[in-house]
Structures are given as structure tokens and as C-alpha cells.
> 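Take this structure first; my questions come after.
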Amino acid sequence: MDLKGSREILSNVRYLQNIRPIDPEEIEEYISGSVGVDLIRSEIRDNAFQLGLVERFDGKFTPVSEDPIDPRVVEVLKIPEKYSARLEDILREKYGKEWQLGESGEIIRERIRGIKKDYYEGRGVEYDEENALAYAAYHFPGYYVAIQHILNKISEGGLLKRKLRILDVGAGIGGPALGISDYIPENALVEYNAVEPSQAADILQILMEERGANVHLNIHRETAEKFEPSGVYDIVLFANVISELENPISVVNKYSKFVSKTGAMILVAPADKNTAIELREVERAISSNMNIYVPAISLWSGQVPCSECWSFEVMPDIEIPSFQEKIDRGGQRKGEFVNIDVQVAYSILRWDSQTLFRHPGDISRCVKLSDIGTRIGKRVDIIVVKLSQDLSEGQNSLFLVGDGSEKIDNYIVIVKETPQNRVMAEAEYGRIVLIRDVLVLWNEDETSYNLIVDKETTVQQGLKGSGRDESSDTN
Ligand SMILES: C[S@@+](CC[C@H](N)C(=O)[O-])C[C@H]1O[C@@H](n2cnc3c(N)ncnc32)[C@H](O)[C@@H]1O
């Protein structure tokens, strides 16, 4: 369409959009010459994000609501069948009808073993077509689900806008991209910018054909280092890519400047020790500027922790996708190619001072974890974030905690559960807890502090909801 035709359509749309739903058929009546409804519809679609228009099921367009997206219970037990079918189509096209059998099945299994090993040992993975397919077969379902749990934390704070400009750096084959597209409601409007230099982008393009009408996709086949972002984004996502960047702090720092004032930077990494700890290192470097929204909320301003902090969240398992079952059948060890655990390290950072949880009450008597070494053998009050699920193997419950000032790791050990301290075990990952009369011990074997919760200890959990209670910040 020429520029003049496009201008004519868009000026009519702008005029009508606040009066009534935009019907491409009505617009056709106002246009000089015969453009055709299909072309008009496609012109509106191409400009829908800028116009702030959502396409409805009846083909009309309405302004996107300014209400934030409501949180919801994320109950993705399995990835949608349409994605399994699409992925199997791609595998069939590449390897033939019986892709999971014989030589091709062996190639896929070998590639999955290779990427798992390279990743585990911190070596770069080259995402050629076969590695990208192997990655999709093994990792796509878990990351599709994990990102939905993480996004829900933003909507729980009432902070997920219905019109979202998203930048997904190292988008890969699109697990998180599809997870986000499916998480957002039909009346939300998204401009999804995927930065992906490798052949994984070809798979992303195919799988994203299944996305909803209001997710407008742009794929940038460039590296994070070369790509020049434009404008600001409501979400900048680095999912499972930090460990593949040569200089992750400088790259994440560069992109942090493009997070909007009310937007969020989401960092995600596999729960493995190396990748999870590396994520915390990047988070800590960036948090000298940005504020951690969840989980490792800094409870004492001006402090940066330097503990190891192998922290990740364990989310509910998913059902085995059909393609993983087929690949696994040909393997020697049952379950080697099945990946249904959903557990990731993540951080959400923001420019504003919002946090997902608040302090519970008066913390003026609390000791900072950076000073805990001076209280060994004593009982103290602390205010901390719960940073793990129960790590014990059948003995006393054990939880990693932090307050943003810790120099080494601190673990809560529950030796006697009572109604007054039960909330420690029950609180969700990332929740702030105020613990009174915890006994401080030094654990020589683990080079960490054990904070003993017993019958004298009481625990109160922090409130959920956006906003920091500045009055209780004691620093
Ligand atoms: C482990 S995959 C993660 C893909 C996707 N984000 C996910 O969570 O499933 C890492 C991706 O980052 C991409 N990548 C690696 N180095 C990159 C760089 N310098 N810039 C942009 N992307 C990069 C790779 O090509 C690969 O697709």
C-alpha cells in the first residue's frame, strides 16, 4: 500500500477509535479508491500496537484497557498440544516420518546430551539447526511454564500493564516467548521483540505462528552486543542466556537503560549451581542502580550481599510432553530425555522502589545478617527473605535466607516447630519473614551460619503487595 493510502486509513482509525469499535468494513466506506477490506485490516494490524488497538474475536479493533493484568493461579500442567504438534512437524520435516527412531533418534539424543554437558560445564553451545531442535525438545516445556510463574509475580503486585513492549534477549526457540504470549489475556496488547542471532530463531518463528492476534512479533537476528534497542520496554528478559554471554554484567547493564520507569528487567537462569550463582552476581552488580522486586529483596538500603546464594524456586512439575516420551523410549537410561522439573533461579529488577513483599511490622531491633557473626551463641531478631524450599533430606527443615547484607550464606534450621514459628516452613519462596529470638550458631563444615528456630522462636510473615514500607527501614 502506498503512503497516501496508509495515511488515509490510519487517520480514519484515529478519528473513530475513541468513538466506537473499529470495523475495517466501515473504514472502507470512508476511503477514496478501492483498497479492499483485507488490506485495510492488515494495515490496522501492522499499526495496532502504536495505535493501542486490540483485535477482537469478531475482527473489530478496540482501545486496549489501561487496567493492569490480574494475577492468576498458573496451572500449566502440560504445554498445549498445538506446540507439541508443531515441534513434531519440524522434527519430521528435518529427520523424516520416523524421526525418533534409528539414526535420527540417536542424533537427537546425542545432541541433547551434548548441550546438557556443555551447559553444565559452562562451555558455549552453538545453536545450529540440530542443537536448536534438541534444545527445543528438552527445554522448551519447562521454560514455557517457568516464565508464566515469574510473570505472575509482576501481576501479583498489580504492575503488569495490559499494553506491553517486550524485549527478549537470546530468545532461542521461543519457550519464554510462547509462555508469555499464552499468559497474557486476549485483550492485552504486546509488541514482542526477540533478539536471537542463531538458527534457533527459525524455530521461534515457526512456533510463534501459533500466538494470539494481539502479540506483534519482531525478530532481530543479531547478538545482544550488536543490537541497538530503541525506545523503552516494559519488560526486558534475559532467559537462560546470561551464562552464554562473554561479559554478562556489561550487556545486562546496557539493556537496563532501556527498561521503562515502571517496567521490569527479568533475569532467569537454570537452577544448576554455576548458572544460579552467576545470576546472583549479575543481579548484585545491576542492583547498585536498579531495585530488586523479588526474590532477593534488599532489606537494608546501601548494602550489597556477597554470599554464594545458590537460590532457585521449585515450581510444580509438568506432564511429560509426547515428543520427550518418544525420544526417551530409544534411550538406554529411562528418563534421561524427560525434563519435567520446573525450577529456575530468577530476579526481577525495577527502577522504582516497588517490591513484591513488605516488612512485617517493627524491625528496629533486628540484626543485619552482615553483623550476625558478632552474635554467635546468642538469640537475636532478624528480618530475612526465604530463598529456598526445604533443603533438608528428612531431618530438621533447612532454608536459605538473606537480607541483602549477608557476607556468607545463612540457613534457618527448624529444630522445634510450634504454632508460633510454623509460618517459617509454610511461607512461600521469596516471602519476607520477621524472626524473633533465633539462636545464632556457626557451621564450620559448611562455612555458614545456622539460625536455629526452636520453641522460643516466633516467626511473622511480611505482607504481600506492592510497595516498600519506608518507615520500617531502619538504616
Ligand atoms: C540457553 S538458550 C535460551 C533460549 C531461551 N531464552 C530460553 O530460555 O529457552 C540461549 C540462547 O541465547 C542465544 N545467545 C547466545 N549468545 C548470545 C548473544 N551474545 N546475544 C544474543 N543471544 C545470544 C543463543 O543463540 C541461544 O538461543
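Everything quoted here is computed from the prediction, not taken from an experiment. One-based numbering, in listed order, for ligands and for the atoms of each. Below, all heavy atoms of this structure are taken into account, side chains as well, without hydrogens, waters or symmetry copies.
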> Looking at ligand 1, would Gly170 count as a contact under a 4.0 Å heavy-atom criterion?
yes

> Among side-chain atoms of Arg221 and Gln205, is any donor-acceptor pair under 3.5 angstrom?
yes

> Give yes if a backbone or side-chain nitrogen or oxygen of Val195 is under 3.5 Å from a nitrogen or oxygen of ligand 1, and no if not.
no

> What atoms of ligand 1 come closer than 4.0 angstrom to any heavy atom of Asn240?
1 (C), 2 (S), 3 (C), 7 (C), 8 (O), 10 (C)

> As an exercise, identify every atom of ligand 1 less than 4.0 angstrom from a heavy atom of Ser198.
25 (O)

> Quick one: look up the protein heavy atom nearest atom 25 (O) of ligand 1 and list residue, atom name and how far away it is.
Glu196 OE2, 2.7 Å

> Looking at Pro176, which atoms of ligand 1 are within less than 4.0 Å of one of its heavy atoms?
7 (C), 8 (O), 9 (O)

> Taking only heavy atoms of Gly172 into account, list the atoms of ligand 1 that are under 4.0 Å away from them.
4 (C), 27 (O)

> Considering non-hydrogen atoms of the protein only, which is the closest contact for atom 16 (N) of ligand 1, and what is the distance?
Glu244 O, 4.0 Å

> For ligand 1, which atoms have a heavy atom of Ala224 less than 4.0 angstrom away?
18 (C), 20 (N), 21 (C)

> Can you tell me how far OG of Ser287 sits from CD1 of Ile292, rounded to the nearest 0.5 angstrom?
4.5 Å

> Quick one: do the Ser388 and Tyr411 side chains pair a donor with an acceptor below 3.5 Å?
no

> Assess, by modelled atom type and distance only, whether the side chains of Glu196 and Ser198 contain a donor and an acceptor separated by less than 3.5 Å.
yes

> Could you tell me which residues satisfy ring-ring contact (aromatic ring centres under 6.0 Å, His included) with Tyr192, sequence neighbours excluded, listed by chain and number?
none

> Distance alone, cut at 3.5 Å: any donor-acceptor contact between the side chains of Asn131 and Arg111?
yes

> Quick check on contacts: which atoms of ligand 1 are under 4.0 angstrom from a heavy atom of Val241?
12 (O), 14 (N), 23 (C)

> Which ligand 1 atoms does Glu225 reach within 4.0 Å, using its non-hydrogen atoms?
18 (C), 19 (N), 20 (N)

> Have a look at ligand 1 and work out which part of Ala132, if any, has a heavy atom under 4.0 Å from it: side chain, backbone, both or neither.
neither

> Would Asp168 count as a polar contact of ligand 1, with the cut-off being nitrogen or oxygen pairs under 3.5 Å?
no

> Within 45° of the six-membered ring axis of Tyr138 and under 6.0 Å from that ring's centre, is NZ or CZ of Arg113 located there?
no

> Does Tyr143, backbone or side chain, put an N or O under 3.5 Å from an N or O of ligand 1?
no

> Purely on distance, is any nitrogen or oxygen of Ala239 under 3.5 Å from one on ligand 1?
yes

> What protein heavy atom lies closest to atom 2 (S) of ligand 1? Include the residue and the distance to one decimal.
Tyr127 OH, 3.5 Å

> What do you reckon, does Leu245 put a non-hydrogen atom under 4.0 Å from ligand 1?
yes

> Give a yes-or-no answer on whether the side chains of Tyr83 and Glu210 include a donor-acceptor pair shorter than 3.5 Å.
no

> If the contact criterion is a heavy-atom separation under 4.0 Å, does Tyr135 count as touching ligand 1?
yes

